[in-house]
Q: 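Submitted below is the structure of interest, expressed as C-alpha coordinates.
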Number of protein chains: 2
Amino acid sequence: MRKEAMERRNEILDVADELFGQKGFDGTSTNDILEKVGIARGTLYYHFKSKEDIMDALIERYNAQILGTAKEIAANKSIPVNERIIRVVMSLNISDGNGKEIMDHIHKPQNALMHQKIQKVIINGLPPILTEIIREGIEQGLFNTPYPYECMEMIVAYTNTVFDDDMVDITDEERAARIPAFVFNVERLLGVESGSLMYMMKMFGNGD
Amino acid sequence: MRKEAMERRNEILDVADELFGQKGFDGTSTNDILEKVGIARGTLYYHFKSKEDIMDALIERYNAQILGTAKEIAANKSIPVNERIIRVVMSLNISDGNGKEIMDHIHKPQNALMHQKIQKVIINGLPPILTEIIREGIEQGLFNTPYPYECMEMIVAYTNTVFDDDMVDITDEERAARIPAFVFNVERLLGVESGSLMYMMKMFGNGD
DNA sequence: TTTTTATCGACAGACAGTCGGTCTATATTG
DNA sequence: CAATATAGACCGACTGTCTGTCGATAAAAA
(Lines give C-alpha, C1' and ligand atoms only; values in the text may rest on other atoms or scores of the structure.)
Protein backbone atom coordinates (compact mmCIF):
# COMPACT_ATOMS: atom_id res chain seq x y z
CA MET A 1 0.00 0.00 0.00
CA ARG A 2 2.46 2.60 1.13
CA LYS A 3 5.65 2.79 -0.90
CA GLU A 4 8.84 4.75 -1.31
CA ALA A 5 8.36 7.84 -3.48
CA MET A 6 10.78 6.67 -6.14
CA GLU A 7 9.15 3.27 -6.39
CA ARG A 8 5.70 4.77 -6.84
CA ARG A 9 7.04 7.26 -9.31
CA ASN A 10 8.42 4.47 -11.41
CA GLU A 11 5.24 2.43 -11.11
CA ILE A 12 3.30 5.38 -12.44
CA LEU A 13 5.83 5.94 -15.18
CA ASP A 14 5.67 2.29 -16.22
CA VAL A 15 1.91 2.39 -16.53
CA ALA A 16 1.96 5.74 -18.32
CA ASP A 17 4.54 4.39 -20.73
CA GLU A 18 2.32 1.46 -21.60
CA LEU A 19 -0.88 3.48 -21.87
CA PHE A 20 0.64 6.34 -23.88
CA GLY A 21 2.05 3.72 -26.21
CA GLN A 22 -1.35 2.14 -26.66
CA LYS A 23 -3.68 5.11 -26.77
CA GLY A 24 -1.46 8.13 -27.11
CA PHE A 25 -0.96 10.97 -24.70
CA ASP A 26 -4.23 12.78 -25.37
CA GLY A 27 -6.12 9.52 -25.51
CA THR A 28 -4.95 8.48 -22.08
CA SER A 29 -6.65 10.13 -19.11
CA THR A 30 -5.04 10.55 -15.74
CA ASN A 31 -7.83 8.31 -14.48
CA ASP A 32 -6.71 5.53 -16.78
CA ILE A 33 -3.27 5.79 -15.29
CA LEU A 34 -4.16 5.98 -11.62
CA GLU A 35 -6.74 3.21 -11.87
CA LYS A 36 -4.27 0.88 -13.51
CA VAL A 37 -1.63 1.72 -10.92
CA GLY A 38 -4.26 1.32 -8.21
CA ILE A 39 -3.85 4.65 -6.48
CA ALA A 40 -6.04 7.67 -5.82
CA ARG A 41 -6.09 10.92 -7.70
CA GLY A 42 -4.30 12.80 -4.99
CA THR A 43 -1.47 10.31 -4.96
CA LEU A 44 -0.79 10.76 -8.63
CA TYR A 45 -0.61 14.50 -8.16
CA TYR A 46 1.54 14.08 -5.10
CA HIS A 47 4.21 12.49 -7.29
CA PHE A 48 3.72 14.53 -10.45
CA LYS A 49 2.61 18.09 -10.75
CA SER A 50 0.74 17.61 -14.02
CA LYS A 51 0.01 15.16 -16.78
CA GLU A 52 2.63 16.78 -18.95
CA ASP A 53 5.08 16.40 -16.09
CA ILE A 54 4.55 12.65 -16.37
CA MET A 55 5.39 12.77 -20.03
CA ASP A 56 8.49 14.86 -19.42
CA ALA A 57 9.70 12.38 -16.83
CA LEU A 58 9.06 9.59 -19.29
CA ILE A 59 11.08 11.36 -21.92
CA GLU A 60 13.84 11.95 -19.41
CA ARG A 61 13.92 8.19 -18.95
CA TYR A 62 14.04 7.51 -22.68
CA ASN A 63 16.67 10.14 -23.01
CA ALA A 64 18.90 8.46 -20.46
CA GLN A 65 18.33 5.02 -21.93
CA ILE A 66 18.67 5.88 -25.58
CA LEU A 67 21.54 8.33 -25.42
CA GLY A 68 23.24 6.51 -22.56
CA THR A 69 23.63 3.35 -24.59
CA ALA A 70 24.70 5.31 -27.63
CA LYS A 71 27.32 7.17 -25.63
CA GLU A 72 28.70 3.95 -24.19
CA ILE A 73 29.18 2.41 -27.59
CA ALA A 74 30.59 5.61 -29.05
CA ALA A 75 33.25 5.75 -26.36
CA ASN A 76 34.42 2.21 -26.91
CA LYS A 77 37.52 2.85 -28.99
CA SER A 78 38.27 -0.82 -29.36
CA ILE A 79 35.55 -1.04 -31.99
CA PRO A 80 36.62 0.24 -35.42
CA VAL A 81 35.09 3.55 -36.43
CA ASN A 82 32.96 2.13 -39.22
CA GLU A 83 31.51 -0.58 -37.08
CA ARG A 84 30.97 1.77 -34.17
CA ILE A 85 28.83 4.13 -36.20
CA ILE A 86 26.60 1.29 -37.22
CA ARG A 87 26.25 0.04 -33.69
CA VAL A 88 25.44 3.47 -32.32
CA VAL A 89 22.70 3.98 -34.85
CA MET A 90 21.29 0.54 -34.31
CA SER A 91 21.33 1.00 -30.56
CA LEU A 92 18.71 3.69 -30.97
CA ASN A 93 16.11 1.25 -32.09
CA ILE A 94 15.96 -1.75 -29.88
CA SER A 95 17.07 -0.59 -26.47
CA ASP A 96 14.67 -0.42 -23.50
CA GLY A 97 16.08 -3.66 -22.09
CA ASN A 98 12.77 -5.44 -21.62
CA GLY A 99 12.16 -6.25 -25.24
CA LYS A 100 9.80 -3.39 -25.86
CA GLU A 101 10.95 -1.16 -28.66
CA ILE A 102 10.97 2.41 -27.50
CA MET A 103 10.85 3.89 -30.95
CA ASP A 104 7.72 1.94 -31.77
CA HIS A 105 5.89 3.61 -28.91
CA ILE A 106 6.88 7.03 -30.08
CA HIS A 107 5.84 6.75 -33.68
CA LYS A 108 2.19 6.34 -32.80
CA PRO A 109 -0.37 8.80 -34.02
CA GLN A 110 -1.93 11.12 -31.44
CA ASN A 111 1.44 11.61 -29.79
CA ALA A 112 2.49 14.81 -31.49
CA LEU A 113 3.84 16.49 -28.41
CA MET A 114 5.74 13.45 -27.22
CA HIS A 115 7.02 12.84 -30.70
CA GLN A 116 8.28 16.39 -30.89
CA LYS A 117 9.98 16.20 -27.52
CA ILE A 118 11.74 12.96 -28.36
CA GLN A 119 12.81 14.36 -31.71
CA LYS A 120 14.28 17.26 -29.85
CA VAL A 121 16.25 15.00 -27.56
CA ILE A 122 17.61 13.10 -30.52
CA ILE A 123 18.43 16.06 -32.74
CA ASN A 124 20.27 17.71 -29.87
CA GLY A 125 21.80 14.63 -28.28
CA LEU A 126 22.84 12.36 -31.09
CA PRO A 127 24.97 14.57 -33.36
CA PRO A 128 27.55 15.33 -30.65
CA ILE A 129 28.00 11.61 -30.03
CA LEU A 130 28.33 10.76 -33.70
CA THR A 131 30.58 13.72 -34.35
CA GLU A 132 33.18 12.34 -31.95
CA ILE A 133 33.35 9.14 -33.94
CA ILE A 134 33.52 11.00 -37.23
CA ARG A 135 36.40 13.08 -35.88
CA GLU A 136 38.30 9.90 -35.17
CA GLY A 137 37.47 8.77 -38.67
CA ILE A 138 38.82 12.00 -40.09
CA GLU A 139 42.07 11.55 -38.15
CA GLN A 140 42.34 8.08 -39.56
CA GLY A 141 41.83 9.42 -43.04
CA LEU A 142 38.52 7.63 -43.44
CA PHE A 143 36.38 10.74 -43.83
CA ASN A 144 36.98 14.22 -45.04
CA THR A 145 34.83 17.15 -44.07
CA PRO A 146 35.44 20.52 -42.44
CA TYR A 147 32.02 20.39 -40.79
CA PRO A 148 31.58 17.01 -39.13
CA TYR A 149 29.03 18.27 -36.64
CA GLU A 150 26.77 19.87 -39.20
CA CYS A 151 27.03 16.77 -41.35
CA MET A 152 25.81 14.61 -38.54
CA GLU A 153 23.09 17.07 -37.71
CA MET A 154 21.89 16.95 -41.26
CA ILE A 155 21.93 13.19 -41.40
CA VAL A 156 20.14 12.82 -38.10
CA ALA A 157 17.54 15.42 -39.03
CA TYR A 158 16.93 13.64 -42.30
CA THR A 159 16.58 10.11 -40.99
CA ASN A 160 14.43 11.38 -38.16
CA THR A 161 11.88 12.80 -40.53
CA VAL A 162 12.00 10.73 -43.68
CA PHE A 163 12.35 7.36 -42.04
CA ASP A 164 9.55 8.31 -39.67
CA ASP A 165 6.36 6.51 -40.52
CA ASP A 166 3.91 9.29 -39.97
CA MET A 167 5.86 12.13 -41.50
CA VAL A 168 6.42 11.21 -45.11
CA ASP A 169 3.69 9.53 -47.11
CA ILE A 170 5.51 6.76 -48.87
CA THR A 171 5.20 3.02 -49.14
CA ASP A 172 7.74 0.67 -47.63
CA GLU A 173 9.11 0.02 -51.10
CA GLU A 174 9.59 3.71 -51.77
CA ARG A 175 11.23 4.10 -48.42
CA ALA A 176 13.57 1.22 -49.19
CA ALA A 177 14.42 2.91 -52.47
CA ARG A 178 15.50 5.98 -50.54
CA ILE A 179 18.27 4.09 -48.81
CA PRO A 180 20.84 3.86 -51.64
CA ALA A 181 20.24 7.54 -52.36
CA PHE A 182 20.72 8.30 -48.71
CA VAL A 183 23.98 6.37 -48.57
CA PHE A 184 25.18 8.16 -51.68
CA ASN A 185 24.40 11.55 -50.14
CA VAL A 186 26.13 10.63 -46.91
CA GLU A 187 29.18 9.62 -48.89
CA ARG A 188 29.27 13.03 -50.49
CA LEU A 189 28.78 14.80 -47.20
CA LEU A 190 31.57 12.86 -45.56
CA GLY A 191 33.82 13.31 -48.57
CA VAL A 192 34.41 9.66 -49.33
CA GLU A 193 34.36 7.78 -52.59
CA SER A 194 31.05 6.75 -54.03
CA GLY A 195 30.20 3.24 -52.96
CA SER A 196 32.55 3.06 -50.02
CA LEU A 197 29.77 3.38 -47.46
CA MET A 198 27.50 0.78 -48.96
CA TYR A 199 28.19 -1.54 -46.08
CA MET A 200 26.22 0.83 -43.91
CA MET A 201 23.02 -0.20 -45.58
CA LYS A 202 22.74 -3.04 -43.13
CA MET A 203 21.73 -0.46 -40.54
CA PHE A 204 18.35 -0.38 -42.15
CA GLY A 205 17.52 -3.95 -41.33
CA ASN A 206 14.70 -2.91 -39.02
CA GLY A 207 13.02 0.47 -38.64
CA ASP A 208 14.77 3.82 -38.46
CA MET B 1 -26.31 37.97 -38.70
CA ARG B 2 -27.07 35.22 -41.10
CA LYS B 3 -24.35 34.49 -43.62
CA GLU B 4 -23.31 32.18 -46.42
CA ALA B 5 -21.67 29.03 -45.14
CA MET B 6 -18.37 29.76 -46.80
CA GLU B 7 -18.24 33.26 -45.42
CA ARG B 8 -18.87 32.05 -41.87
CA ARG B 9 -16.39 29.28 -42.31
CA ASN B 10 -13.72 31.75 -43.27
CA GLU B 11 -14.65 34.09 -40.43
CA ILE B 12 -14.17 31.23 -38.00
CA LEU B 13 -10.93 30.25 -39.65
CA ASP B 14 -9.61 33.81 -39.46
CA VAL B 15 -10.33 34.04 -35.76
CA ALA B 16 -8.93 30.58 -35.10
CA ASP B 17 -5.79 31.50 -37.00
CA GLU B 18 -5.28 34.56 -34.84
CA LEU B 19 -6.07 32.82 -31.56
CA PHE B 20 -4.01 29.71 -32.27
CA GLY B 21 -1.16 32.00 -33.17
CA GLN B 22 -1.49 33.87 -29.89
CA LYS B 23 -2.28 31.12 -27.42
CA GLY B 24 -1.64 27.91 -29.25
CA PHE B 25 -4.11 25.20 -30.19
CA ASP B 26 -4.45 23.66 -26.76
CA GLY B 27 -4.53 27.06 -25.12
CA THR B 28 -7.44 28.20 -27.24
CA SER B 29 -10.88 26.93 -26.28
CA THR B 30 -13.73 26.60 -28.72
CA ASN B 31 -15.47 29.18 -26.54
CA ASP B 32 -12.70 31.67 -27.20
CA ILE B 33 -13.25 31.20 -30.89
CA LEU B 34 -17.01 31.37 -31.02
CA GLU B 35 -17.18 34.36 -28.67
CA LYS B 36 -14.75 36.32 -30.76
CA VAL B 37 -16.61 35.44 -33.94
CA GLY B 38 -19.86 36.28 -32.18
CA ILE B 39 -21.72 33.06 -32.84
CA ALA B 40 -23.22 30.30 -30.71
CA ARG B 41 -21.74 26.95 -29.91
CA GLY B 42 -23.99 25.08 -32.23
CA THR B 43 -23.04 27.28 -35.12
CA LEU B 44 -19.38 26.50 -34.72
CA TYR B 45 -20.15 22.81 -34.79
CA TYR B 46 -22.49 23.29 -37.69
CA HIS B 47 -19.54 24.44 -39.78
CA PHE B 48 -16.84 22.20 -38.31
CA LYS B 49 -17.16 18.76 -36.91
CA SER B 50 -14.49 19.17 -34.25
CA LYS B 51 -11.82 21.49 -32.97
CA GLU B 52 -9.18 19.49 -34.79
CA ASP B 53 -11.26 19.85 -37.94
CA ILE B 54 -10.79 23.61 -37.64
CA MET B 55 -7.05 23.14 -37.45
CA ASP B 56 -7.03 20.85 -40.45
CA ALA B 57 -8.95 23.39 -42.47
CA LEU B 58 -6.48 26.05 -41.39
CA ILE B 59 -3.58 23.90 -42.50
CA GLU B 60 -5.31 23.27 -45.79
CA ARG B 61 -5.37 27.02 -46.26
CA TYR B 62 -1.70 27.44 -45.38
CA ASN B 63 -0.90 24.55 -47.64
CA ALA B 64 -2.59 26.20 -50.58
CA GLN B 65 -1.00 29.57 -49.87
CA ILE B 66 2.51 28.41 -49.13
CA LEU B 67 2.92 25.75 -51.76
CA GLY B 68 0.81 27.59 -54.30
CA THR B 69 3.13 30.56 -54.33
CA ALA B 70 6.17 28.33 -54.38
CA LYS B 71 4.82 26.38 -57.33
CA GLU B 72 4.09 29.54 -59.26
CA ILE B 73 7.61 30.81 -58.87
CA ALA B 74 9.13 27.44 -59.62
CA ALA B 75 7.26 27.23 -62.90
CA ASN B 76 8.45 30.61 -64.12
CA LYS B 77 11.22 29.55 -66.46
CA SER B 78 12.10 33.12 -67.32
CA ILE B 79 13.89 33.40 -63.96
CA PRO B 80 17.36 31.82 -63.96
CA VAL B 81 17.62 28.59 -62.00
CA ASN B 82 19.83 30.01 -59.27
CA GLU B 83 17.61 32.96 -58.65
CA ARG B 84 14.48 30.87 -58.79
CA ILE B 85 15.64 28.56 -56.03
CA ILE B 86 16.24 31.51 -53.78
CA ARG B 87 12.88 33.03 -54.54
CA VAL B 88 11.04 29.77 -53.92
CA VAL B 89 12.68 29.32 -50.56
CA MET B 90 12.07 32.92 -49.57
CA SER B 91 8.45 32.70 -50.62
CA LEU B 92 7.89 30.22 -47.83
CA ASN B 93 8.46 32.80 -45.17
CA ILE B 94 6.62 35.98 -45.87
CA SER B 95 3.55 34.97 -47.83
CA ASP B 96 0.03 35.22 -46.32
CA GLY B 97 -0.62 38.40 -48.28
CA ASN B 98 -1.79 40.49 -45.36
CA GLY B 99 1.59 41.08 -43.81
CA LYS B 100 1.26 38.40 -41.19
CA GLU B 101 4.06 35.90 -41.38
CA ILE B 102 2.60 32.43 -41.48
CA MET B 103 5.70 30.72 -40.31
CA ASP B 104 5.81 32.85 -37.21
CA HIS B 105 2.43 31.57 -36.14
CA ILE B 106 3.47 28.01 -36.52
CA HIS B 107 6.65 28.12 -34.53
CA LYS B 108 4.86 28.91 -31.32
CA PRO B 109 5.10 26.60 -28.35
CA GLN B 110 2.02 24.58 -27.43
CA ASN B 111 1.32 23.94 -31.08
CA ALA B 112 2.97 20.56 -31.39
CA LEU B 113 0.22 18.98 -33.44
CA MET B 114 -0.11 21.91 -35.78
CA HIS B 115 3.63 22.16 -36.09
CA GLN B 116 3.81 18.51 -37.02
CA LYS B 117 1.06 18.79 -39.57
CA ILE B 118 2.66 21.79 -41.25
CA GLN B 119 6.02 20.07 -41.26
CA LYS B 120 4.38 17.19 -42.99
CA VAL B 121 2.92 19.44 -45.66
CA ILE B 122 6.31 20.99 -46.28
CA ILE B 123 8.39 17.83 -46.25
CA ASN B 124 6.00 16.23 -48.71
CA GLY B 125 5.17 19.25 -50.82
CA LEU B 126 8.35 21.24 -51.17
CA PRO B 127 10.92 18.70 -52.43
CA PRO B 128 8.97 17.92 -55.62
CA ILE B 129 8.82 21.62 -56.44
CA LEU B 130 12.50 22.19 -55.81
CA THR B 131 13.50 19.02 -57.59
CA GLU B 132 12.03 20.31 -60.83
CA ILE B 133 14.26 23.36 -60.66
CA ILE B 134 17.29 21.28 -59.77
CA ARG B 135 16.62 19.04 -62.77
CA GLU B 136 16.73 22.09 -64.99
CA GLY B 137 19.97 23.07 -63.30
CA ILE B 138 21.42 19.64 -63.99
CA GLU B 139 20.50 19.93 -67.66
CA GLN B 140 22.23 23.28 -67.76
CA GLY B 141 25.30 21.74 -66.19
CA LEU B 142 24.92 23.78 -63.03
CA PHE B 143 24.44 20.88 -60.68
CA ASN B 144 25.45 17.27 -60.68
CA THR B 145 23.68 14.61 -58.69
CA PRO B 146 22.00 11.32 -59.55
CA TYR B 147 19.48 11.84 -56.74
CA PRO B 148 18.05 15.35 -57.00
CA TYR B 149 14.86 14.49 -55.17
CA GLU B 150 16.54 12.92 -52.20
CA CYS B 151 18.97 15.83 -52.03
CA MET B 152 16.11 18.28 -51.78
CA GLU B 153 14.36 16.11 -49.26
CA MET B 154 17.44 16.10 -47.10
CA ILE B 155 17.91 19.84 -47.36
CA VAL B 156 14.29 20.58 -46.59
CA ALA B 157 14.23 18.15 -43.67
CA TYR B 158 17.35 19.75 -42.29
CA THR B 159 16.31 23.38 -42.56
CA ASN B 160 12.91 22.48 -41.21
CA THR B 161 14.35 21.13 -38.00
CA VAL B 162 17.58 22.98 -37.38
CA PHE B 163 16.40 26.41 -38.40
CA ASP B 164 13.29 25.85 -36.33
CA ASP B 165 13.38 27.85 -33.13
CA ASP B 166 11.89 25.34 -30.77
CA MET B 167 13.66 22.26 -32.05
CA VAL B 168 17.34 22.90 -31.62
CA ASP B 169 18.64 24.68 -28.55
CA ILE B 170 21.09 27.18 -29.97
CA THR B 171 21.58 30.89 -29.83
CA ASP B 172 21.04 33.10 -32.84
CA GLU B 173 24.80 33.40 -33.22
CA GLU B 174 25.25 29.64 -33.26
CA ARG B 175 22.48 29.34 -35.75
CA ALA B 176 24.09 31.95 -37.95
CA ALA B 177 27.33 29.99 -37.73
CA ARG B 178 25.50 26.96 -39.10
CA ILE B 179 24.80 28.72 -42.36
CA PRO B 180 28.21 28.53 -44.04
CA ALA B 181 28.43 24.89 -43.03
CA PHE B 182 25.00 24.33 -44.45
CA VAL B 183 25.92 25.96 -47.74
CA PHE B 184 29.08 23.87 -47.90
CA ASN B 185 27.10 20.70 -47.37
CA VAL B 186 24.56 21.66 -49.99
CA GLU B 187 27.39 22.27 -52.42
CA ARG B 188 28.64 18.77 -51.83
CA LEU B 189 25.20 17.27 -52.17
CA LEU B 190 24.58 19.06 -55.44
CA GLY B 191 28.03 18.22 -56.72
CA VAL B 192 29.24 21.75 -57.30
CA GLU B 193 32.53 23.40 -56.47
CA SER B 194 33.07 24.63 -52.96
CA GLY B 195 32.11 28.27 -52.67
CA SER B 196 29.96 28.43 -55.76
CA LEU B 197 26.70 28.51 -53.80
CA MET B 198 27.75 31.19 -51.36
CA TYR B 199 25.39 33.63 -53.01
CA MET B 200 22.56 31.58 -51.57
CA MET B 201 23.36 32.78 -48.11
CA LYS B 202 21.19 35.78 -48.71
CA MET B 203 18.22 33.47 -48.31
CA PHE B 204 18.83 33.57 -44.61
CA GLY B 205 18.13 37.24 -44.29
CA ASN B 206 15.09 36.62 -42.14
CA GLY B 207 14.09 33.40 -40.44
CA ASP B 208 14.04 29.97 -42.02
C1' DT C 1 5.37 13.16 20.81
C1' DT C 2 5.97 15.80 16.84
C1' DT C 3 7.06 16.06 12.16
C1' DT C 4 7.37 14.37 7.70
C1' DT C 5 5.87 11.53 3.96
C1' DA C 6 2.54 9.10 1.35
C1' DT C 7 -2.21 8.41 0.53
C1' DC C 8 -7.04 9.26 -0.09
C1' DG C 9 -11.35 10.83 -2.53
C1' DA C 10 -14.66 14.53 -2.84
C1' DC C 11 -14.87 18.57 -5.38
C1' DA C 12 -14.46 22.64 -8.55
C1' DG C 13 -13.84 24.47 -12.92
C1' DA C 14 -13.24 24.11 -17.69
C1' DC C 15 -14.02 22.25 -21.88
C1' DA C 16 -15.55 19.54 -26.26
C1' DG C 17 -19.19 18.00 -28.49
C1' DT C 18 -24.59 17.02 -28.81
C1' DC C 19 -29.31 17.85 -29.61
C1' DG C 20 -33.81 19.59 -30.07
C1' DG C 21 -35.58 23.44 -31.67
C1' DT C 22 -35.91 28.30 -34.10
C1' DC C 23 -35.77 31.52 -37.73
C1' DT C 24 -35.62 33.08 -42.41
C1' DA C 25 -35.04 32.99 -47.34
C1' DT C 26 -36.31 30.56 -51.13
C1' DA C 27 -38.91 27.15 -53.68
C1' DT C 28 -43.37 24.93 -54.44
C1' DT C 29 -47.98 24.54 -54.93
C1' DG C 30 -52.96 25.72 -54.83
C1' DC D 1 -50.38 35.87 -55.88
C1' DA D 2 -50.74 33.97 -51.46
C1' DA D 3 -50.18 29.96 -48.58
C1' DT D 4 -47.12 26.52 -47.44
C1' DA D 5 -43.28 23.45 -47.44
C1' DT D 6 -38.18 22.86 -47.43
C1' DA D 7 -33.59 23.52 -46.35
C1' DG D 8 -29.79 25.94 -44.62
C1' DA D 9 -27.84 28.72 -40.92
C1' DC D 10 -28.10 29.41 -36.20
C1' DC D 11 -29.05 29.04 -31.16
C1' DG D 12 -27.92 27.81 -26.28
C1' DA D 13 -28.81 24.63 -22.65
C1' DC D 14 -27.05 20.31 -21.37
C1' DT D 15 -23.96 16.10 -20.79
C1' DG D 16 -20.09 13.68 -19.80
C1' DT D 17 -15.31 13.84 -19.20
C1' DC D 18 -11.15 15.39 -17.67
C1' DT D 19 -7.47 17.88 -15.08
C1' DG D 20 -5.88 19.73 -11.10
C1' DT D 21 -6.86 21.12 -5.90
C1' DC D 22 -7.48 20.59 -1.05
C1' DG D 23 -8.23 19.23 3.53
C1' DA D 24 -8.23 15.08 6.01
C1' DT D 25 -5.86 10.86 7.41
C1' DA D 26 -2.68 7.15 8.26
C1' DA D 27 1.90 5.45 8.72
C1' DA D 28 6.69 6.01 9.40
C1' DA D 29 10.60 8.68 11.03
C1' DA D 30 12.78 11.78 14.11
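As a basis for the values below, the full set of heavy atoms in this structure was taken, side chains included, without hydrogen atoms, waters or symmetry mates. Chain A is the first sequence line, chain B the second, and so forth, proteins listed ahead of strands; every chain is numbered from 1. All values reported here derive from a predicted model rather than from experimental measurement.
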Q: For each nucleotide in nucleotides 10-15 of chain D, reading 5' to 3', give B when a protein heavy atom comes within less than 4.0 Å of its base, S when such contact involves only the sugar-phosphate, and - otherwise.
A: SBBB--
Q: So, are B/Lys49 and B/Asp56 salt-bridged, with charged N and O less than 4.0 Å apart?
A: no
Q: Please report, rounded to the nearest Å, how far the P atom of D/dA28 is from the CD atom of A/Glu7.
A: 14 Å
Q: Over how many whole Å does the gap from A/Leu34 atom CG to D/dG20 atom P extend?
A: 12 Å
Q: In whole Å, what is the span from the CD atom of B/Glu35 to the C1' atom of C/dC15?
A: 12 Å
Q: Using the side-chain hydrogen bond (donor to acceptor under 3.5 Å, both in side chains) definition, which of the options A/Lys36, A/Arg9, A/Arg61 pairs with A/Asp14?
A: A/Arg61
Q: Go through the structure and list residues passing ring-ring contact (aromatic ring centres under 6.0 Å, His included) with B/Phe48, not counting sequence neighbours.
A: none
Q: Tell me the interatomic distance from A/Asp53, atom CG, to D/dT21, atom P, rounded to whole angstroms.
A: 12 Å
Q: Please determine whether a side-chain nitrogen or oxygen atom of B/Thr30 lies at a distance below 4.0 Å from atom OP1 or OP2 of C/dC15.
A: no
Q: On the 0 to 90° scale, with breaks at 30° and 60°, tag the B/Tyr158-B/Phe182 ring pair as parallel, tilted or perpendicular.
A: parallel
Q: Taking CZ from A/Phe48 and C1' from C/dA6, how many angstroms apart are they, rounded to a whole number?
A: 14 Å
Q: Rounded to the nearest angstrom, tell me the gap between atom CD1 in A/Ile54 and atom C1' in D/dG20.
A: 11 Å
Q: Measure from CZ on A/Arg9 to C1' on C/dT7 and round the result to the nearest Å.
A: 17 Å
Q: Can B/Glu132 and B/Arg84 be counted as an ion pair, charged N to O under 4.0 angstrom?
A: no
Q: Below the 4.0 Å mark, does D/dT21 have OP1 or OP2 next to a side-chain nitrogen or oxygen of A/Tyr45?
A: no
Q: Do you see a donor-acceptor pair shorter than 3.5 Å between the side chains of A/Tyr147 and B/Asn185?
A: no
Q: Can you measure A/Leu19 atom CG to D/dC18 atom P for me and round it to whole angstrom units?
A: 12 Å
